[in-house]
Amino acid sequence: MIIIGERINASRAPIKQALEKKDPNPILREAELQAKAGCQFLDVNCGLSGDREEQDMEWLVTTIQNSVDINLCIDSPDHRVIERGVSLCKKKALINSITAEEARFKPLIPVVKKYNCGLIALTIDEKGMPDTADERFAIAERLYNILKGDGIPDEDIFFDPLVRPVSSEPRQAEELLQSIPKIKSLGNVKVISGISNVSYGLPKRGAINSVFLSIALFAGMDGAILDPLDKGITASYKAAEAILGRDKFCMNFIQAHRKGSI
Ligand code: THG
């Protein structure tokens with residue numbers, strides 16, 4: 001399973017503070033801990049700070065890349081911020097994200113090709129977020145055809161069918177789960193998702209997140225954006241991998257327990 005560590009995000013108070021003070025220490029600690037926890041990518045999001053977002057992204061990416069050897073996932077709605085971040089990455093980067101809206105994908109396709117990145121494609125179009133599995137698939141298919149037309153290989157495409165709170169929209173989690181095999185039928189593409197939105201507004205969020213992730217893995221999801229230092233969610237996905245026969249003799253699960261990471 002592909003893990004994208006979510007902790008370097010300006011929505012978290014310690015990260016916001018470190019960005020304001022340009023204090024590298026909290027950032028590097030978060031980067032090292034998440035890398036050690038076995039993430040393939042670190043999501044890097046410096047919040048919506050207007051003109052400052054581009055400079056903040058440059059500082060964040062440079063700070064991390066100078067001391068931690070890991071792939072970054074550059075998270076911003078602004079293509080200029082994304083290009084700045086990606087251009088500074090030493091290893092293959094992941095762009096987070098494009099949508100099926102022309103204003104979002106058009107400026108980023110040349111960036112994907114120039115820097116040989118992967119990209120996360122959200123199933124959103126001009127009409128907004130889809131409700132059903134079929135609508136999610138239809139948007140993914142339209143974007144897939146555009147990306148293929150531009151020569152982007154399947155392996156570099158990560159679809160995110162967008163999880164929504166089950167508390168306010170009780171059918172949404174199931175629609176997302178049903179969309180996973182449909183989207184994967186497009187080709188050798190990946191499906192990933194953020195996790196924590198599913199439990200928004202509920203108690204025992206960890207239980208909701210874990211069950212959602214386990215079912216999603218069974219449905220064919222390839223990875224998730226999550227907190228890799230959270231022992232509960234880590235134990236759940238490692239248990240799910242063992243149950244699904246993807247962890248020979250449960251060695252990963254046992255080792256994670258011995259290391260104290262679950
Ligand atoms: N898909 C894609 N990108 C994403 C998301 C997604 N990027 C942002 C987000 N969702 C994933 N990242 C985070 C980062 C931090 C937190 C949650 C998701 C976080 N949440 C605290 C919580 O849930 O309790 C609240 C914040 C706080 O106050 O600390 O920390 O879905 N492609």
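Everything quoted here is computed from the prediction, not taken from an experiment. We count ligands from 1, going down the list as the structure has it; atoms in each ligand are counted the same way. All values below were derived from every heavy atom in this structure, side-chain atoms included, with hydrogens, water molecules and symmetry-related copies excluded.
- Between D125 and R142 there is a salt bridge, since a side-chain N of the basic residue sits under 4.0 Å from a carboxylate O of the acidic one.
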Go ahead and list the nitrogen or oxygen contacts between ligand 1 and the protein that come in under 3.5 Å, distances to 0.1 Å, or just say none.
from, atom 1, to, atom 2, distance (Å)
ligand 1, 1 (N), D160, OD2, 2.7
ligand 1, 3 (N), N96, ND2, 3.0
ligand 1, 7 (N), D75, OD2, 3.0
ligand 1, 32 (N), N96, OD1, 2.9
ligand 1, 32 (N), D160, OD2, 2.9

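- Legend: residues meeting side chain to side chain contact (heavy atoms under 4.5 Å, CB included) with L229, ordered by chain and number and at least two apart, are R7, E30, L33, A37, D227.
- Under a 4.0 Å N-O distance rule, the pair E32/K36 does not qualify as a salt bridge.
- Under the side-chain contact (heavy atoms from CB on, under 4.5 Å) rule, I8 has a single partner from N45, L60, L72, which is L60.
- Checked by atom type, the side-chain pair N96/D43 shows a donor-acceptor distance below 3.5 Å.
- Screening K184, M221, E155 for a side-chain contact (heavy atoms from CB on, under 4.5 Å) with K190, the sole residue that qualifies is E155.
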